[in-house]
Amino acid sequence: MPKGYSDDGLKRVDLEKVDVETYLRSLNIQNISHEVNDFRFSCPYTENHAFGDNNPSAYMNKETTAFICFGCGAAGNAVTMLADVMNISRTQARYFIAEKWAPHFVEIQDLKGYLTKLMRQNELEAQSAPDFWIPEEHYEARAVDWQELADVAPSEIPGWAKYMLYEREFSPEILDEFEFVYDPVYGRPCVTVRDEHNRLVGFKGRAWREGQEPKYIVLGDNDRGIELYGARFGFPPYEASDYVFGINKVEKNIPLIVCEGEFNVASMHDKGYKNTIGPSGSTMTQKQVDQIVDYTDEVIIFFDYDLKNQGSALTAKMKIAAVVEMFEAKVSTKIVPEHWGDPAEMEQEEVDRLVHGARSSTVERLLRLIA
Ligand SMILES: [Zn+2]
């Protein structure tokens, strides 16, 4: 439990607002009927009912969402049921409910589909591959001298180099420092990924041409690729959820800024924040959190609010809530103010304003409660 606020208080405030019938229907719960103070329905803890629960034995209170099943004895409320049934954390469930029945609720049409996706993501993160690293010759074969490219006229360098230097506006110093390379198989600029001991783990390519899909691709031979093209790389793809990008470049025992993805990390270093690291995507695993808290007593969460996608303001908040929950249990956690876009796209002044405006996550929660 994070310090400074009451879990029961938050639940009580939010759960009174829950429309129990909508809640149950959105979870595809069967045989819902209205009793005086409760809704009666078939128990969603299906593993407890060998023949289903066709003669419904579960009840949820309309006011408090208190829930009990007289068949299997399962009990709880809208938060614990949602967390159990969808296999998500209680914090994720609580935030979901708070958002759904809060005034500024962002509509998600397919609640079940959304939660199923979240659940699958959690499962994937649980299965992580063992550590491995690959010979340095794979880096040397792809190495690029960015300083040299920057000294040539833009019209005379390849498109992928122009993209990095002039469209994304990375400095040649940062591109050299972070060992951005070029991979001829996919024809893409790539980041070099190393573990905390500086061992080479792999490469991730970035799309740079119009319409090039997918946006990011981890290099390496997998079964399907070998079947189609033979071994093109000579190493397997690394497991992105096992590594923290930039951890080999930061000092220990100073506050660390955590942002999403390699490009944002490199861009933050370019803007003078040499204490920035990040997971390789928008979600974090316990393994990544454990690596980070080994380095520091304080983190500053600087994740993206991608407001261009539908439902993403809610997704961003849930994503940040989940990350904050993981860190809060172990270290002091600050969050930068809400913002638009990601640090790689921002001007220096905006990044400075956000980093300096970071507030403790406990204060943020209290403000949410009284908002
Ligand atoms: Zn039951």
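Counting starts at 1 for both ligands and their atoms, following the listed order. The structure presented is a predicted model; accordingly, all values stated were derived computationally and were not measured. Heavy-atom basis, side chains included; hydrogens, waters and symmetry copies ignored.
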Quick one: are Asp38 and Lys62 in side-chain contact, heavy atoms under 4.5 Å? no
With a 4.5 Å limit on heavy-atom distance, are the side chains of Tyr23 and Met60 in contact? yes
Scan residues 244-253 for pairs that pass side chain to side chain donor-acceptor pair (under 3.5 Å), counting only residues two or more places apart or in two chains. Asn198-Asn248
Determine which pairs satisfy ring pair (Phe, Tyr, Trp, His ring centres under 6.0 Å) with at least one residue from residues 190-228, sequence neighbours left out, and list them in order. Phe203-Phe235
Would you be so kind as to tabulate the donor-acceptor pairs closer than 3.5 Å made by side chains of residues 155-167, with sequence neighbours excluded?
| from | atom 1 | to | atom 2 | distance (Å) |
| --- | --- | --- | --- | --- |
| Tyr163 | OH | Arg168 | NH1 | 3.0 |
| Tyr163 | OH | Arg206 | NH2 | 3.4 |

Ring centre gap for Phe178 and Phe245 strictly below 6.0 Å: yes
What protein N/O/S atoms lie closer than 2.8 Å to the Zn ion (ligand 1)? Cys43 SG, His49 NE2, Cys69 SG, Cys72 SG
